[in-house]
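Since the structure comes first, as structure tokens, the remarks are kept for the end.
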Amino acid sequence: MNDKSPSRAIAWLVCALVAASLYGNYYVYDSIGPVADALQSQRGFSDQQIGLLNAIYSLPNVVLILVGGVLVDRFGAARMTLWTAAVCLLGALLTALSPGFAGMAAGRLLFGIGAETFGIATLAALAQYFVGGKVAFSMGLALSIGRLGSFSSDMSPTWFPHAYAQGWQPPLLIAAAMAGASFGGALLYWWLDRRVAAADKGAAQQQAQPFAWRDLLHFGKAYWFLLALCVLWYSVILAFRSTFAIKYFQHAHGLDLAAAGAMNSYVFLAAVFATPAFGWLCDRVGRYAPFLAFGAVLLPVAMALMALTTTSLWVSTALIGVSFSLVPAVMWPLASRLVSPSHFGTAIGLMWVAQNAGIAGANLVTGWLNDRAGASAQNPAGYESMMLFFGLASVGGAIFALVLWLTAGRRSQERVAPAG
């Protein structure tokens, strides 16, 4: 850190507050999966409706993520973190308190409108306060703690059994309380930021460059391979893990709710510790594309083991956990090597737009497939079309990762790649 930056203690306090806010935000995002079966049995929701509750989170961000960074630049990271945390809290409350599906969907829509721009604002905050160094480490640490929120959401049936025994609503009220804690962390960060004169905000501004269509002409084919991988891989990981995995484990593999939630949670728990470690390893050896390809290939292998064999679910979920740890640790630094620094913001913004469109589409398609096949505890074979869809999409992502490795990921090519 330079002599114009805030003190190291203040910077790490900001990191802690941002991490706490991310924890609550991630918890709310993953709160639908543990109550999916209850929503179906107690409220009569179809799988398509359940899928829509998470798909609708991503739909507005197909457009809004393009302007989210501009708003952060215009109003500042602290103010936008506070505002979007408030929007997320309102969305979580509406989801938990609504008497019908339309109200719950509106709540998830509102939460989605706030959550992705909230993510950009928190990254901009860390870039601002760690402008002199340790930016990547602070971001990785904060995101890892955020992922503990997802782990906690999956473990909530074990941790709060009395709440789940009372029906679908008490668990969602717990999620709303987590959104309140997230807002509290954002409020404290905003209050602290008002009393700190952070000098150089250039790094934070770089996180939010406006999108321009002409910038696409500067991207090589390797970038488009990476974008395709990003869309396919995230669509499978998040639509399966965050929406349908717990329900699938219950109906197709005979687990109870607590065991299914625990099984699903270890994917995120592994990522909390492994993602920073994998990032350090890739930086250490100076290679990215081979690690990315390896992580992408693990996903279709895990899906095949889960759907086609009697291998323990621990094996397939462990493979998903390694994939989920490795791919994000490599994808974003590799993106910075595939495009010039002046277009990095546009490149990441476009990847996030495509990613949100893919996640939304995967949730909707999967819900439709399950309803069409009558997937349920009485008909576990109905999940075969869902698993085939996830398997094919994950194979497509792995193919793009391998093509990227072969075309732009050789040792000599990565050695001369421009620094991001």
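No donor-acceptor distance shorter than 3.5 angstrom exists from the side chain of E116 to the backbone of G112, with no hydrogens or angles considered. Here the side chain of N363 pairs a donor or acceptor atom with the backbone of I359 at under 3.5 angstrom. Of the possible donor and acceptor atoms, one in the side chain of S323 sits under 3.5 Å from a partner among the backbone N and O of G295. A donor-acceptor pair is defined here as one N or O able to donate and one able to accept, closer than 3.5 Å; such a pair exists between the side chain of T95 and the backbone of G91. Judged by distance alone, with hydrogens and angles left aside, the side-chain atoms of T317 form a donor-acceptor pair with the main-chain N or O of W314 at under 3.5 Å. Checked by atom type and distance alone, the side chain of R108 pairs as donor or acceptor with a backbone atom of Y29 at under 3.5 Å. In terms of modelled atom types and a separation under 3.5 Å, the side chain of S21 and the main chain of A186 share a donor-acceptor contact. Under a 3.5 Å cut-off, the side chain of D37 and the backbone N or O of K247 do not form any donor-acceptor pair. Within the 3.5 Å criterion, the main-chain N or O of G24 finds no donor-acceptor partner in the side chain of S182. Between the side chain of S153 and the main chain of S150, no donor-acceptor pair closer than 3.5 Å is present.
In this structure the side chain of L388 never reaches within 4.5 angstrom of the side chain of L369, judged on heavy atoms. No side-chain heavy atom of D371 sits under 4.5 Å from any side-chain heavy atom of Q49. Between W405 and L402 the shortest side-chain heavy-atom distance falls below 4.5 Å. No side-chain heavy atom of V322 sits less than 4.5 Å from a side-chain heavy atom of S325. Counting only heavy atoms from C-beta outward, the side chains of L299 and I320 approach each other to under 4.5 Å. At least one side-chain heavy atom of D47 sits less than 4.5 Å from a side-chain heavy atom of F244. Using a 4.5 Å heavy-atom cutoff, the side chains of C88 and V28 are not in contact. At least one side-chain heavy atom of I174 sits less than 4.5 Å from a side-chain heavy atom of Y27.
Among all heavy-atom pairs drawn from G220 and W224, the shortest one is O-CD1, 3.2 Å. Scanning all heavy atoms of the two residues, the minimum distance from L192 to L17 falls at CD2-CD1, 4.4 Å. Nearest heavy-atom pair, Y23 versus I145, reported as atom, atom and distance to 0.1 Å: CD1-O, 3.5 Å. Among all heavy-atom pairs drawn from Q40 and F45, the shortest one is CG-O, 3.2 Å. When every heavy atom of V18 is checked against every heavy atom of A125, the shortest pair comes out as CG2-CB, 4.3 Å. Across every non-hydrogen atom of A393 and V236, the tightest pair is CB-CG2, 3.5 Å.
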- Does the salt bridge (charged side-chain N to carboxylate O under 4.0 Å, His left out) test come out yes or no for D30 and R241, once each step is laid out? CA-CA 9 Å; D30 281 297; R241 204 212 74 84; 2.8 Å; yes
- Message: Run S156 and Y164 through side-chain contact (heavy atoms from CB on, under 4.5 Å) and show every step you take.
- Response: CA-CA 9 Å; S156 58; Y164 280 86; 2.6 Å; yes
- Residues D154, I246; criterion side-chain contact (heavy atoms from CB on, under 4.5 Å); working and verdict: CA-CA 8 Å; D154 284 342; I246 293 176; 3.7 Å; yes
- Task: Please test Y189 against Y129 for side-chain contact (heavy atoms from CB on, under 4.5 Å), starting from the C-alpha separation and ending with a verdict.
- Result: CA-CA 12 Å; Y189 158 52; Y129 276 88; 4.0 Å; yes
- Message: Before you tell me yes or no, could you show the steps for M306 and F240 under side-chain contact (heavy atoms from CB on, under 4.5 Å), namely the whole-Å CA-CA distance, both residues' side-chain angles and the distance that decides it to 0.1 Å?
- Response: CA-CA 12 Å; M306 197 179 298; F240 178 71; 3.5 Å; yes
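Taking CG of L94 as the reference point, atom CG of L110 lies at 7.0 Å (rounded to 0.5 Å). Going from atom OH of Y234 over to atom CG of N356 covers 11.0 Å, rounded to the nearest 0.5 Å. One finds the CG atom of L188 at 10.0 Å from the CG atom of L82 (value rounded to the nearest 0.5 Å). Atom CE of M155 is separated from atom CZ of F160 by 10.5 Å, given to the nearest 0.5 angstrom. To the nearest 0.5 Å, the span separating CG on L298 from CG on L326 amounts to 7.5 Å. Considering CG of L226 and CG of L292, their distance stands at 6.5 Å, rounded to 0.5 Å.
Classified by interplanar angle (parallel below 30°, tilted 30° to 60°, perpendicular above 60°), the ring pair Y57/F111 is tilted. Ring geometry, F225 versus F400: the interplanar angle falls from 30° to 60°, so the pair is classed tilted. Using cut-offs of 30° and 60° for the angle between ring planes, the W233 and F324 rings count as parallel. In this pair, F75 and W83 present their aromatic rings tilted. The plane angle is within the 30 to 60° band.
A donor atom on one side chain and an acceptor atom on the other are not found under 3.5 Å apart for S152 and Y26.
Other residues, nucleotides and ligands place no more than 12 heavy atoms under 6.0 Å from the CZ atom of F294.
Among L53, L109, I56, L52, the one residue that satisfies the side chain to side chain contact (heavy atoms under 4.5 Å, CB included) test with M104 is L53.
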